> 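Below: one structure in structure tokens.
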Amino acid sequence: QVQLVESGGGLVQAGGSLRLSCVASGRTFNDYIMGWFRQAPGKEREFVAGVSWSGSTTYYADSVKGRFTVSRDNAKNTVYLRMTSLKPEDTAVYFCAADGSGTGWRMPLRQDLINYWGKGTLVTVSS
């Protein structure tokens, strides 16, 4: 069992930056591909970014490429999402996700293959 707890959300002006963190419980953190999803008001949850088991490989949705950076620290059981040049359309609840499906590095992450979800952290970008 893995529990994921996100933090770092908040209110920021357009053009600003935030860093989200997600701490995982358990001792098998590096067995999981980790990712971030988001859900804007009235919209479906969508993939944002994914990072491989070691952190050496990353993948981004086109909408955030060049602005967001995903990373992980396996010694701290933590995955991060650094968000810069934020736009009002980035406003959403951001969810941390762990994929331990064993299907390999396939991006974007599929929600039906996610084993564990965090409860989410709200990011609001004002114009």
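Model, not experiment: these values are computed from the prediction.
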> Report whether V2 and V51 are members of the same hydrophobic cluster (ILVMFWY, side-chain heavy atoms less than 4.5 Å apart, transitive linking).
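Yes.
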> Show the nearest heavy-atom pair for residues P88 and A14, with the distance to one decimal.
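Nearest pair, atom of P88 first, then A14: CD-CB, 4.1 Å.
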> Quick one: sort the Y116 and Y32 rings into parallel, tilted or perpendicular, breaks at 30° and 60°.
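Correct class here is perpendicular.
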> Kindly give the heavy-atom pair with the smallest separation between W53 and G104, and that separation in Å.
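Heavy atoms of W53 and G104 come nearest at CH2-C, 4.0 Å.
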> About how many Å separate CH2 of W36 and CE of M83, when rounded to the nearest 0.5 Å?
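Here the rounded value is 8.0 Å.
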> Is the NZ or CZ atom of R72 positioned over F29's six-membered ring, under 6.0 angstrom from the centre and within 45° of the axis?
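Relative to the ring axis of F29, which defines the angle, R72 lies inside both limits.
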> Out of curiosity, R110 CZ to S101 OG, how far, rounded to the nearest 0.5 Å?
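The OG atom of S101 is 8.0 Å from CZ of R110, to the nearest 0.5 Å.
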> Roughly how far apart are Q39 CD and L122 CG, rounded to 0.5 Å?
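Between atom CD of Q39 and atom CG of L122 there are 11.5 Å.
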> May I ask you to decide if G26's main-chain N or O and N77's side chain share a donor-acceptor pair within less than 3.5 Å?
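Here the side-chain-to-backbone pair exists.
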> Could you measure the distance from the CG atom of L81 to the CZ atom of R19? Nearest 0.5 Å is fine.
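Taking CG in L81 and CZ in R19, the distance rounds to 10.5 Å.
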> Are S126 and L11 side-chain neighbours, meaning at least one heavy-atom pair lies under 4.5 Å?
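The answer is yes, as the side chains (C-beta and beyond) meet within the 4.5 Å cut-off.
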> Could you tell me the separation between the OG1 atom of T28 and the CG atom of N74, rounded to the nearest 0.5 Å?
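Separation between the atoms: 11.0 Å.
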> Between T91 (side chain only) and T124 (backbone N and O only), is there a donor and an acceptor less than 3.5 Å apart?
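No; judged by distance alone, with no hydrogens or angles, the pair does not exist.
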> Should V12 and F68 be counted in the same cluster of Ile, Leu, Val, Met, Phe, Trp and Tyr side chains packed under 4.5 Å apart?
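The answer is yes; both residues are in one hydrophobic cluster.
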> Could you pull out all residues at least two apart from V23 that satisfy side chain to side chain contact (heavy atoms under 4.5 Å, CB included)?
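Per chain and number, V23 pairs via side chain to side chain contact (heavy atoms under 4.5 Å, CB included) with T78.
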> Determine whether V93 and V64 fall in the same hydrophobic cluster, where Ile, Leu, Val, Met, Phe, Trp and Tyr are linked whenever their side-chain heavy atoms lie under 4.5 Å apart.
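No, it is not one cluster - the side chains of V93 and V64 are not joined through contacts under 4.5 Å.
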> Between D99 (side chain only) and I33 (backbone N and O only), is there a donor and an acceptor less than 3.5 Å apart?
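No, the answer is negative, given that no donor and acceptor are paired below the 3.5 Å cut-off.
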> I'd like to check V70 versus Y59 (side-chain heavy atoms, cut-off strictly below 4.5 Å). Are they in contact?
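Not in contact.
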> In sequence, state the C-alpha distance, the side-chain angles, and the governing distance for K119 and E6, and then conclude on salt bridge (charged side-chain N to carboxylate O under 4.0 Å, His left out).
CA-CA 7 Å; K119 292 184 178 181; E6 303 98 334; over 6 Å; no
> Show your working on side-chain contact (heavy atoms from CB on, under 4.5 Å) between Y60 and F47 and close with a plain yes or no.
CA-CA 8 Å; Y60 300 93; F47 170 81; 5.8 Å; no
> I'd like to check the side chain to side chain contact (heavy atoms under 4.5 Å, CB included) partners of W117; sequence neighbours left out, ordered by chain and number.
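Once residues adjacent in sequence are excluded, the partners of W117 under the side chain to side chain contact (heavy atoms under 4.5 Å, CB included) criterion are F37, R45, F95, A97, Q111, I114.
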> So, taking the atom named CZ in R38 and the one named CG in L20, what distance separates them when rounded to the nearest 0.5 Å?
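One gets 11.0 Å once the value is rounded to the nearest 0.5 Å.
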> Step through the shown structure and confirm whether more than 12 heavy atoms of other residues, nucleotides or ligands are within 6.0 Å of CD on E89.
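For E89, atom CD is crowded (more than 12 foreign heavy atoms under 6.0 Å).
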> Are D62 and K65 within salt-bridge range, i.e. N to O under 4.0 Å?
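Counted as a salt bridge, because a side-chain N and a carboxylate O are separated by less than 4.0 Å.
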> Who passes side chain to side chain contact (heavy atoms under 4.5 Å, CB included) against T84, sequence neighbours left out?
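Residues passing side chain to side chain contact (heavy atoms under 4.5 Å, CB included) with T84: S17, R67, R82.
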> Would you indicate whether the side-chain heavy atoms of V123 and L18 approach each other to under 4.5 Å?
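The answer is yes, as the side chains (C-beta and beyond) meet within the 4.5 Å cut-off.
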> Which atom pair, heavy atoms only, marks the closest approach of S56 to S52?
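Answer, listing the atom of S56 first, then S52: N-OG, 3.3 Å.
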> Decide yes or no on side-chain contact (heavy atoms from CB on, under 4.5 Å) for C96 and V79, but give the supporting numbers first.
CA-CA 8 Å; C96 179; V79 60; 3.6 Å; yes
> Starting from L4, can I reach V48 by hopping between I/L/V/M/F/W/Y residues whose side chains sit under 4.5 Å apart?
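Yes, one cluster joins them.
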